[in-house]
Amino acid sequence: MSVAYMTHPLIKHKITMLRKETTGTNEFRKIVEEIAILMGYEALSDLPTRDVLVKSPIEESMQPEIDGKKLAVVPILRAGLGMVNGILALVPSAKVGHIGLYRDPETHEPHEYYCKLPENIDERTIVVVDPMLATGGSAVAAVDFIKQKGGRKIKFMSIIAAPEGVSALMKAHPDIQLYVGNLDRQLNENAYICPGLGDAGDRIFGTQ
Ligand code: URA
């Protein structure tokens with residue numbers, strides 16, 4: 001697996017804005033989407049292209065367009081939803097799948113309660129989005145499910161990651177590409193990322 005840590009000052013600045021507890025829901029949601037656009041631009045830089053014949057008002061020439069089946073964006077519910085429109089701003093024709101997971105209160109293992117993916121998933125580049133990569137439990141389980149359904153070309157995008165989450169995902173899925181906006185210090189005893197930004201889902205949707 002390759003891990004790419006974002007270095008662009010715009011991404012860093014916007015992550016700082018997300019961290020501030022004074023940033024309200026409206027602004028938070030908008031910034032999550034903007035970061036998804038900036039990270040998506042980087043994560044999709046290796047999409048394959050093919051040359052097609054184009055007739056401009058001046059002449060015909062061979063020019064590149066994105067090759068292959070449409071991209072699939074797969075948010076991990078619920079916070080991942082906040083990043084979907086950012087990817088769709090770059091690739092409006094992308095298909096959107098969804099994965100919902102809950103944690104068993106006794107075993108703490110993640111279980112799927114909802115998984116619907118676009119057809120021909122084996123032929124698509126898949127961008128899994130979740131703003132926070134904390135323990136890595138949900139991320140590993142989500143990629144497990146996508147692979148069980150035939151997904152192969154998988155990219156995973158998180159705005160903030162803990163070292164524990166990066167290690168868990170790298171160990172379980174060495175074949176995927178991981179994109180991280182910022183690597184934070186550690187998890188606390190409640191599995192929140194420190195310094196982090198709190199609960200991303202609550203901050204995106206204005207819940208407590
Ligand atoms: N999920 C969140 O929303 N925040 C964290 O800090 C960890 C997991």
Side-chain angles (χ1 to χ4, degrees), residues 1 3 5-6 11-40 43 73-87 98-115 127-146 154-173 176 178-208:
M1 177 169 93
V3 189
Y5 295 102
M6 303 294 107
I11 296 179
K12 298 293 173 198
H13 179 86
K14 286 174 193 292
I15 292 175
T16 299
M17 289 169 78
L18 290 185
R19 292 187 196 277
K20 292 181 185 171
E21 61 180 359
T22 50
T23 300
T25 304
N26 201 359
E27 199 185 358
F28 192 92
R29 200 181 282 148
K30 202 168 125 259
I31 299 168
V32 166
E33 193 175 316
E34 288 169 357
I35 294 172
I37 296 175
L38 294 169
M39 290 184 66
V73 194
V74 181
I76 300 179
L77 301 178
R78 142 181 93 123
L81 289 172
M83 297 174 74
V84 171
N85 283 345
I87 305 297
H98 294 90
I99 292 190
L101 302 161
Y102 72 90
R103 189 172 292 274
D104 185 299
E106 275 162 27
T107 64
H108 302 292
E109 288 294 310
H111 291 277
E112 167 199 349
Y113 67 84
Y114 188 79
C115 181
V127 184
V128 187
V129 288
D130 192 349
M132 309 299 277
L133 178 58
T135 62
S138 303
V140 169
V143 176
D144 282 342
F145 293 131
I146 292 170
I154 302 172
K155 295 170 184 281
F156 197 104
M157 268 176 50
S158 279
I159 295 177
I160 295 182
E164 295 89 332
V166 173
S167 302
L169 192 52
M170 283 180 79
K171 190 157 170 254
H173 295 292
I176 72 169
L178 173 61
Y179 299 86
V180 172
N182 196 74
L183 183 67
D184 274 18
R185 195 180 67 250
Q186 66 184 99
L187 295 176
N188 69 13
E189 60 284 5
N190 298 316
Y192 276 90
I193 299 176
C194 305
L197 48 72
D199 187 300
D202 281 346
R203 297 200 62 190
I204 290 167
F205 295 107
T207 49
Q208 291 290 332

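Here, residue 1 is the first one in the sequence, and each next residue gets the next number. Read the numbers this way: they start at 1 and go in the same order the structure lists the ligands and their atoms.
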Expected output: side-chain Lys12 to main-chain Met6 donor-acceptor under 3.5 Å: yes
Protein heavy-atom partner closest to atom 3 (O) of ligand 1 - residue, atom, separation in Å: Ala200 N, 2.7 Å
Protein heavy atom at shortest distance from atom 1 (N) of ligand 1: Met132 CB, 3.8 Å
Whether Arg203 side chain and Leu197 backbone form a donor-acceptor pair below 3.5 Å: yes
Residue pair Ser158 / Asp130, side-chain donor-acceptor N/O under 3.5 Å: no
Proximal atoms of ligand 1 relative to Ile193 (non-hydrogen, under 4.0 Å): 5 (C), 6 (O), 7 (C)
Minimum non-hydrogen distance to atom 8 (C) of ligand 1, winning option of Pro195, Ala134, Pro131: Ala134
Numbering as shown, the atoms of ligand 1 that approach Ala191 to under 4.0 Å (heavy-atom distance): 7 (C)
Neighbour count above 12 (heavy atom, 6.0 Å) for Lys171 NZ: no
Contact with ligand 1 for Cys194, non-hydrogen, under 4.0 angstrom: no
Min side-chain heavy-atom separation Met132-Asp199 under 4.5 Å: no
Qualifying residue for side-chain contact (heavy atoms from CB on, under 4.5 Å) with Leu183, from Ile193, Val166, Leu133: Val166
Within-shell test, Gly198 vs ligand 1, heavy atom, strictly < 4.0 Å: yes
